[in-house]
Amino acid sequence: MELRLYDTLSKEKRPFVPLDPVNVRMYVCGPTVYDFAHIGNARPVIVFDVLFRLLRHVYGDKHVTYVRNITDVDDKINARAARDFPALPLNDAIRKVTEETERQFHADVDALGCLRPTVEPRATEHIAEMRAIIEKLIAGGHAYVEQDHVLFSVASDPRYGTLARRSLDEMMAGARIDVAPYKRDGMDFVLWKPSKPGEPSWPSPGGIKVEGRPGWHVECSAMSWKHLGEQFDIHGGGIDLVFPHHENELAQTCCAFHRDRMANVWMHNGFLQVEGEKMSKSLGNFVTIRELREGWAGYAWPGDALRFAMLGTHYRQPIDWTAKALDEAHKTLWRWYGDIEGVQAASNVADDVLAPLADDLNTSGMIAALHALHKAGRLAEMRAALAFLGFSCDLPSLQRKPVTAELRTSEASDQVQMQGTAAPSKQQIEQFISERTAARAAKNWKESDRIRDELAAMGVILKDGKDAEGKPVTTWEVAR
RNA sequence: GGCCACGUGGCGGAGUGGUUACGCAGCGGUCUGCAAAACCGUUUACUCCGGUUCAAUUCCGGACGUGGCCUCCA
C-alpha cells in the first residue's frame, strides 16, 4: 500500500518514503503544560495518533518512533505558578503546575483514544542538548551573543522563510513592533535569555556569565535531535505553528547540523473554530477537552464521540466544532456500536478503510468506507477497523450523560463527575417487556403504551419487530 | 498593510477536466394496534465575474466573503 502525504514545505502531496523503514520517525509539537488543553489542542493529538497507527500498521508496531514533547519551561507556566501558588518558592510552584497539568493532559488524551507516543520528552530534561545546539550555531556564525541573550541571525540562513513561504523583506514590511535593542535584525529570534531572580535558570551558553533559560523554539530542535536524530521523517503540528515556530526550528536544526532538511515531510492540521467563531476566552466560547467530557451542550460526551467528530473533517481543512456535528457523530457511533456488540473482530483491517487513509489521511473517505461496511453487513471487519482507528467499540461507555447545567471546569477538578438516572436492571426491563407483550396480546394498548412510556422515562427505548417466524419480538436499548 | 488557506445541495463534509461521494435532515414506501426502530427508494450542489478547453465545480486571473499567521503570546 502506497502512503501519500501532503508536505507543507514543498506544497505537494507525494509518496511517503521513510529514511529508514525499520525506524520511521515522527515528531509532533506537544502541549505547554500550564492549563487544561482545549479542543483545538486535541486536533493534532488525534490526527497524528491516526497517522501513528497507520504507520505502525504499514511498517510494524516496533518500527515507528513517535515523539511528542512536553514543554515545561515557559513564561505562561511561570505566571500561572505565581498566581496559583503564591506561598511557594517559584520553582516548587512551577513543578506543581507542570505535573498537575501533564496529568490532566494525559487523562484527556487517553479518553480520546490516543496511544501514548513512544517518547514524551520534557524540555527541562534537554537543556544540555539545547545549549549544545546554541554553541554550534554560535560557532557556525548563525547566532550571536548580545546583552546576555543569544539570538539566531536570520540573515545567516538564506533559506529562512521557505517553510512559511515569505521573504525576509515581506516580514520586515509587516513587522509592527519595535525591535528589541539587542537584536541586529528585527526578525532575529531568541535562543537563550537571562532569567530574572527566582525564575528557573541554567548555566548559559556562549560564555554568558549569568544564568538563563531557553527561548521557545530551540527545545523542539533539541528534543527531536536527541530522540530522532539530525534528520527524520515527519514533523507535525497545528498550522498556527508554521510561523514562527517551525520556521525557526527548521533554521536552527539545519544550520546547527549543516543539513538541507530537518524533516522530510512537514504536516500541519487546519485551525478549529467553535460554532463559527474563533475560540477565545473573551468570547466565552473557549472549550476544553475536560469540559466536553464533563458537560457541554447538555451532555458529558464520551471521548469516542469527540474523536469521531474530529475525524469527520479532513485534517488540513478548517473545522467548525459544533454541538450539532458532535451529536451526529455520537448518533452514528451509537448505532454502529450497537450493531457490532458481541461481534468478533476480523483479523485484518479492510483495504476499503485503509486506502482513503493512505491518501493523505482522508478520514472522511475512511468514514464513508465504514458506512459502506455497515450497510453491507460486514460487521466483523467494521469492528476491526474501528478498533484499529482507536475506538473502544464499547457501547456502555459510549453513553452520553445528560448534565443539567454547564459545568465550569475548575483547576481542582480532575475527576470526571457524571450524573445520570439510575438505570433499571436487565431483569427489571425484561419483566416490563414481558408484561407489555402480554398486554399487547390482549390488545390492551393503554397498558402497553404506559409500560413503554415508563421505560422511556428510565432511559430505555423499546424496539418492536418480528422474528424469523413472524412472531412479535421486542428488543431494547439504553437511550444514548 | 504583507503573506497564506478556504468558499460544494436544508446542514455537515469528500472528491474529480466529461461518469452516484458519504452522512444527517426531508420526502415516499415496507413494516407496526399506534409510534419508535429497522429496511427500501428519492429531490436539492459546486460564491460571483472573466479566461484556457470540444468540455470546468475541478486549471488560470480577478472580485467578494470567512479564517489563520505576521511579537521572546503557544
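Within every chain, numbering begins at 1; the chains are lettered A, B, ... in the order of the sequence lines, protein sequences first and strands thereafter.
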Going by an N to O cut-off under 4.0 Å, is there a salt bridge joining [X] and [Y]?
| X | Y | value |
| --- | --- | --- |
| A:R436 | A:D464 | yes |
| A:D359 | A:K13 | yes |
| A:E99 | A:R103 | no |
| A:K331 | A:D327 | no |
| A:D75 | A:R213 | yes |
| A:K96 | A:D84 | no |

Distance, rounded to the nearest Å, where [X] contributes [atom1] and [N] contributes [atom2]:
| X | N | atom1 | atom2 | result |
| --- | --- | --- | --- | --- |
| A:E341 | B:A37 | CD | P | 19 Å |
| A:L326 | B:C24 | CG | P | 16 Å |
| A:L9 | B:C4 | CG | P | 15 Å |
| A:Q317 | B:A14 | CD | C1' | 9 Å |
| A:H314 | B:G23 | NE2 | P | 21 Å |
| A:W336 | B:C24 | CH2 | C1' | 13 Å |
| A:K463 | B:C34 | NZ | P | 20 Å |
| A:M382 | B:G23 | CE | P | 12 Å |

Do any side-chain atoms of residues 146-154 of chain A form donor-acceptor pairs under 3.5 angstrom with protein atoms, and if so which ones, sequence neighbours left out?
{"residue": "A:H149", "atom": "ND1", "partner": "A:Q147", "partner atom": "O", "Å": "2.9"}

Pairing donors with acceptors under 3.5 angstrom, does anything connect the side chains of [X] and [Y]?
| X | Y | value |
| --- | --- | --- |
| A:W225 | A:T253 | no |
| A:Y66 | A:D49 | no |
| A:N248 | A:Y160 | yes |

OP1 or OP2 of B:C22 under 4.0 Å from side-chain N/O of A:S364: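 No, because none of the side-chain N or O atoms of A:S364 sits under 4.0 Å from OP1 or OP2 of B:C22.
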Distance below 4.0 Å between A:K11 side-chain N/O and B:A5 OP1 or OP2: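 Indeed, a polar side-chain atom of A:K11 lies that close.
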Using atom [atom1] in both nucleotides, what's the gap between [N] and [M] to the nearest angstrom?
| N | M | atom1 | result |
| --- | --- | --- | --- |
| B:G65 | B:A55 | C1' | 29 Å |
| B:A56 | B:U47 | P | 15 Å |
| B:G9 | B:G62 | P | 25 Å |
| B:C24 | B:A5 | P | 34 Å |
| B:G13 | B:C46 | C1' | 13 Å |
| B:U57 | B:A21 | C1' | 14 Å |
| B:C59 | B:G68 | C1' | 25 Å |
| B:G7 | B:A14 | P | 9 Å |

Under the side chain to side chain donor-acceptor pair (under 3.5 Å) test, residues paired with A:R452 that sit two or more places apart: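 Expected list: A:D449.
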By side chain to side chain donor-acceptor pair (under 3.5 Å) - contacts of A:H374 (at least two apart):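 Partners of A:H374 under the side chain to side chain donor-acceptor pair (under 3.5 Å) test: A:D339.
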Under the ring-ring contact (aromatic ring centres under 6.0 Å, His included) rule, collect the residues that match up with [X], sequence neighbours excluded.
| X | result |
| --- | --- |
| A:H126 | A:H227 |
| A:W202 | none |
| A:H106 | none |
| A:Y6 | none |

Watson-Crick or G-U pairs under 3.5 Å in RNA chain B, rendered as dot-bracket with [ ] for crossing pairs and | for another strand: (((((((..(((.....[...))).(((((.......)))))....(((((..]....))))))))))))....
Aromatic ring pairing A:H246/A:H268, orientation class (parallel under 30°, perpendicular over 60°, tilted between):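 Geometry flag for A:H268 against A:H246: tilted rings.
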Contacting residues from residues 445-454 of chain A, given that a heavy atom lies under 4.0 angstrom of RNA chain B: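 Of all residues in residues 445-454 of chain A, the ones placing a heavy atom under 4.0 Å from RNA chain B are A:W445, A:S448, A:D449, A:R452.
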Most 5' of A:A164 and A:H149 on RNA chain B, judged by nearest nucleotide: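 The 5'-side residue here is A:A164.
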Upstream residue (5' side of RNA chain B) when A:T313 and A:K331 are each assigned their closest nucleotide: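 In this pair, the answer is A:T313.
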Residue A:M187, side-chain atoms from C-beta onward, closest of B:U71, B:A74, B:G7: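 The answer is B:U71.
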Stacked cation flag A:R68 on A:F48, 6.0 angstrom / 45 deg: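 So A:R68 doesn't make the cation-pi contact.
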For nucleotides 29-32 of chain B, which of its nitrogen or oxygen atoms have a protein nitrogen or oxygen under 3.5 Å away, and what is each distance?
{"residue": "B:U32", "atom": "OP1", "partner": "A:K466", "partner atom": "NZ", "Å": "2.4"}

Sugar-phosphate, base or nothing in reach of A:G215, heavy atoms under 4.0 Å: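 A:G215: no heavy atom of the nucleic acid under 4.0 Å.
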Touch class at under 4.0 angstrom, heavy-atom based, for A:K443 against every strand present: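 A:K443: no heavy atom of the nucleic acid under 4.0 Å.
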Distances for protein N/O vs nucleotides 39-41 of chain B N/O pairs under 3.5 angstrom?
none

Might you list the N or O atoms of the protein lying below 3.5 Å from N or O atoms in nucleotides 66-69 of chain B, with each pair's distance?
{"residue": "B:C69", "atom": "O2'", "partner": "A:F243", "partner atom": "O", "Å": "3.4"}

